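For reference, the structure is listed below as structure tokens.
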Amino acid sequence: MQLPRNDTMNQNPNKGPAATPGEGEDATDPRVARREKMSQIEAMGYDPFGSRFDNRDMLGKCIDKASEIKFKTEAGDLIDLPSFDDPDLDYRQWKSDQGPGEEVGPTVRVSGRIMLMRTKGKLIFINIKDWTGSIQLFIGKQQVGEEDFALAKLFDLGDLVGAEGRLGRTNTGELTVFAEKLYFHTKMLDPPPDKHAGLTNVDLRQRMRYADLAFNEGPMETFVNRTKIIKSVRATLDADDFCEVEGPTLHVIAGGAAARPFETHHNALDMPLTMRIALELHLKRLMVGGMERVYELGRVYRNEGLSPRHNPEFTMLEAYQAYGDYETMMDLTERVICNAIETIGGGFKREFAGQEIDFTPPFKRETYADLFQAATGVDAADEAAVTKYAQSLGLETKGKHPDVIRNEIFEEKVEDTLEGPIFVIDYPASICPLTKRKRDNPEIAERFELFICGMELANAYTELNDPDLQQQLFETQLEGLDEEESMAKMDHDFIRALRHAMPPAGGLGIGIDRLVMILTGQKSIRDVILFPVLRPTE
RNA sequence: GAGAGUGUAGCUCAGUCGGUAGAGCAUUCGACUUUUAAUCGAAUGGUCCUGGGUUCAAGUCCCAGCACUCUCACCA
């Protein structure tokens with residue numbers, strides 16, 4: 001059998017002494033010690049990488065079974081144990097008050113990763129953890145016998161081990177499996193991080209997500225919550241009869257958003273392809289085809305900078321509802337978010353980055369123009385005043401469309417101050433090339449963005465379904481961009497699709513990673529993405 | 001892409017004015033049959049991110065590079 005290569009917890013895996021026993025000669029290298037113990041475990045007839053282990057009692061269930069533990073008196077009476085919620089309880093005293101007798105608990109069969117270990121003469125206390133909980137094992141030489149005790153002495157922190165025994169309480173009241181039989185599942189060959197501090201190096205936590213999940217407290221809960229949130233989002237849409245689809249991730253023309261795409265190439269067709277930057281244009285094609293309520297929850301890719309709020313690949317929800325409009329989508333957005341909150345619990349009043357956010361529906365709704373005026377004192381419709389104000393902020397105004405200037409001011413002065421949740425509604429039309437204008441005011445687009453803690457979480461429109469106007473807006477958007485800068489190219493097939501009649505509709509996009517951030521209290525997007533993009537070490 | 005910070009033992013971190021490299025945990029040995037980050041005694045463990053420079057002397061000062069973090073920009 002070939003032994004796996006010796007990688008270390010170090011940033012430079014080539015650093016450090018050889019970890020093969022007998023070669024390194026360094027008896028204090030934890031990796032050497034672990035391999036030495038692995039050999040001894042093997043010599044005792046155990047497989048250091050284990051095999052199938054059926055009928056496990058999950059530790060969460062074992063904790064639930066604690067109430068089944070009784071104290072059996074000498075007379076044979078079974079009495080309930082005292083409440084361990086009481087911090088003043090002296091269980092040792094309580095037991096001695098009962099006189100002679102013993103605890104009787106159910107027999108369990110458990111396994112998990114060794115998180116803590118204390119040897120005390122002929123006793124070993126081990127805390128193991130599985131993904132439902134953790135529990136203490138009591139291993140006494142007399143109780144398990146010479147052979148199992150010898151095995152237990154070869155255990156290391158991080159090993160996966162199993163035990164069978166009765167559930168009980170130690171003198172201090174700690175719920176404990178009093179082992180009668182031990183099992184060995186898998187040896188951890190690399191040394192684990194500090195047993196108390198865990199793995200705190202942010203870089204290593206992301207590079208070695210396995211170690212982050214295995215040895216740190218929060219990450220498992222965050223990622224399980226992420227899964228729950230995504231399931232809840234699907235459930236909300238499915239309950240509304242939305243149809244989930246899978247659009248192409250390889251696009252000939254990456255459209256539907258303003259972002260640089262990743263470029264790739266198809267060999268057989270000898271054709272350039274780009275990774276999608278949005279889901280929009282294909283979902284709209286499906287609405288033309290008659291999928292009246294359609295959504296996709298999937299990965300999109302944008303070749304842009306990284307930040308605590310940006311990862312090059314991220315998960316996006318886009319949903320389209322025929323015969324709706326942006327108001328329809330506001331209601332849907334509220335339902336999606338509120339249902340997700342109820343799924344993971346914790347109530348509508350939540351904290352993020354030190355701010356309390358109240359998600360009790362309905363969320364606030366304010367127009368772009370009102371927020372603009374409130375923050376700047378300038379009437380957004382007064383072009384001259386807006387330009388003057390922009391110049392006072394030091395913004396370049398020459399040759400820019402007035403709406404672009406407005407939006408720069410808005411982003412500068414308003415967005416960061418929006419604690420939310422708040423729907424900002426009715427955007428200047430010319431910055432919304434895929435949006436239908438208000439019937440009574442063509443300057444204003446029927447669009448909203450949902451802001452929470454200054455972060456854009458959702459974006460929705462009353463969708464533009466006029467093919468001629470759509471084509472014209474695309475052309476305007478492409479004007480002035482040179483070949484290099486041009487992020488979007490005219491998608492003629494999309495225009496043709498619109499000519500086949502797309503129903504009036506509301507469309508919604510939600511940044512799922514950001515939603516998970518807000519709902520789980522994680523300040524960095526990298527803490528809600530299992531494997532964020534990282535530069536390789538080497 | 002710009003600015004600031006960080007990089008020291010397997011992990012978490014100290015390191016003063018430039019003068020022999022430190023602690024806790026982990027590891028190894030010893031004691032301990034109800035421990036709680038067990039405790040106690042001993043030992044071991046270093047390419048101080050990399051490469052240059054200044055200096056009698058550099059973990060420490062200077063320059064360049066690499067990686068990460070934060071802030072900003074692009075963006076959702």
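Owing to the predicted nature of the structure, the values given are computational and were not obtained by experimental measurement. Naming: A, B, ... by sequence-line order, numbering from 1 per chain.
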R118(A) and N127(A) side chains, donor-acceptor separation under 3.5 Å: yes

Sugar-phosphate, base or nothing in reach of M115(A), heavy atoms under 4.0 Å: nothing

Ring centers of Y295(A), Y320(A) separated by less than 6.0 Å: no

Distance below 4.0 Å between K37(A) side-chain N/O and U28(B) OP1 or OP2: yes

Distance between P atoms of U16(B) and U60(B) (Å, rounded): 11 Å

Closest to the E304(A) side chain, choosing from U27(B), U33(B), C74(B): C74(B)

For atom CG of D29(A) and atom C1' of G46(B), their distance in whole Å: 13 Å

d(CD1, I139(A); P, U34(B)) in whole Å: 15 Å

C32(B) phosphate, OP1 or OP2, under 4.0 Å from K122(A) side-chain N/O: no

Touch class at under 4.0 angstrom, heavy-atom based, for G198(A) against every strand present: sugar-phosphate

Ring centre gap for Y427(A) and F448(A) strictly below 6.0 Å: no

Residue matched to U35(B) through Watson-Crick or wobble contacts both under 3.5 angstrom: none

Identified pairing partner of U27(B), criterion: Watson-Crick or G-U wobble below 3.5 Å: A43(B)

Sugar-phosphate only, base, or nothing, as touched by E174(A) at under 4.0 Å among non-hydrogen atoms: base

For C74(B), the Watson-Crick or wobble counterpart (both distances under 3.5 Å): none

Sugar-phosphate only, base, or nothing, as touched by I512(A) at under 4.0 Å among non-hydrogen atoms: nothing

Residue mapping more 5' on RNA chain B - nearest nucleotide basis, N171(A) or A197(A): A197(A)

Distance between C1' atoms of U55(B) and A9(B) (Å, rounded): 29 Å

Proximal nucleotide (of A76(B), A73(B), U34(B)) relative to the L123(A) side chain: U34(B)

Pairs satisfying salt bridge (charged side-chain N to carboxylate O under 4.0 Å, His left out), at least one member in residues 517-526 of chain A, at least two apart: none

Backbone N/O of Q93(A) and side chain of D90(A): donor-acceptor pair under 3.5 Å: yes

Gap in Å between the two C1' atoms, one belonging to A38(B) and one to C32(B), rounded: 11 Å

Result of checking L508(A), T435(A), D426(A) against Y326(A) for side-chain contact (heavy atoms from CB on, under 4.5 Å): D426(A)

Contact under 4.0 Å: T200(A) side-chain N or O vs U12(B) OP1/OP2: yes

Candidate nucleotides U27(B), C70(B), U33(B), ranked by approach to the side chain of P308(A) - the nearest: C70(B)

A4(B): pairing nucleotide in any strand, Watson-Crick or G-U under 3.5 angstrom: U69(B)

Distance between C1' atoms of G46(B) and U34(B) (Å, rounded): 40 Å

Whole-Å distance separating the NZ atom of K153(A) from the C1' atom of G30(B): 11 Å

Base paired to A57(B) (Watson-Crick or G-U; both N/O distances under 3.5 angstrom): none

Salt bridge present between R309(A) and D513(A) (N-O < 4.0 angstrom): no

Counterpart residues, side-chain hydrogen bond (donor to acceptor under 3.5 Å, both in side chains), relative to R113(A) (two or more places apart): none

Separation between the P atoms of A58(B) and U20(B), rounded to whole Å: 12 Å

Whole-Å gap separating P (U69(B)) and CG (D527(A)): 10 Å

Whole-angstrom distance between A31(B) and C17(B), as gauged at atom C1': 45 Å

Sidechain N-carboxylate O distance under 4.0 Å for E334(A), R365(A): yes

Whole angstrom value for the distance that separates P of U35(B) from CD1 of I128(A): 20 Å

Nucleotide of A76(B), U34(B), U12(B) approaching T170(A) most closely (side-chain heavy atoms): U34(B)

F149(A) CZ to C32(B) C1', straight-line distance once rounded to whole Å: 11 Å

OP1 or OP2 of A76(B) under 4.0 Å from side-chain N/O of R302(A): yes

Whole-Å C1' distance, U71(B) and G15(B): 29 Å

Under-4.0 Å side-chain N/O to phosphate OP1/OP2 contact, Q206(A) with C68(B): no

Nucleotide nearest F314(A) when distance is taken to its side chain, options A76(B), U33(B), C72(B): A76(B)

N or O in side chain of R526(A) less than 4.0 angstrom from U69(B) OP1/OP2: yes

Between P of U34(B) and CZ of F84(A), the distance in whole Å: 18 Å

Donor-acceptor pair (no angle test) under 3.5 Å: D194(A) side chain, G24(B) base: yes

Candidates A37(B), U12(B), C74(B) - which lies nearest the side chain of L199(A): U12(B)

Between U12(B) (P) and R205(A) (CZ): distance, integer Å: 12 Å

Sugar-phosphate, base or nothing in reach of K195(A), heavy atoms under 4.0 Å: sugar-phosphate

Contact under 4.0 Å: R118(A) side-chain N or O vs U35(B) OP1/OP2: no

Sugar-phosphate, base or nothing in reach of N303(A), heavy atoms under 4.0 Å: nothing

Side-chain N or O of R92(A) closer than 4.0 Å to phosphate OP1/OP2 of U35(B): yes

Whole-angstrom distance between U50(B) and U6(B), as gauged at atom C1': 16 Å

Partner nucleotide, any strand, of G22(B) [Watson-Crick/G-U, under 3.5 Å]: C13(B)

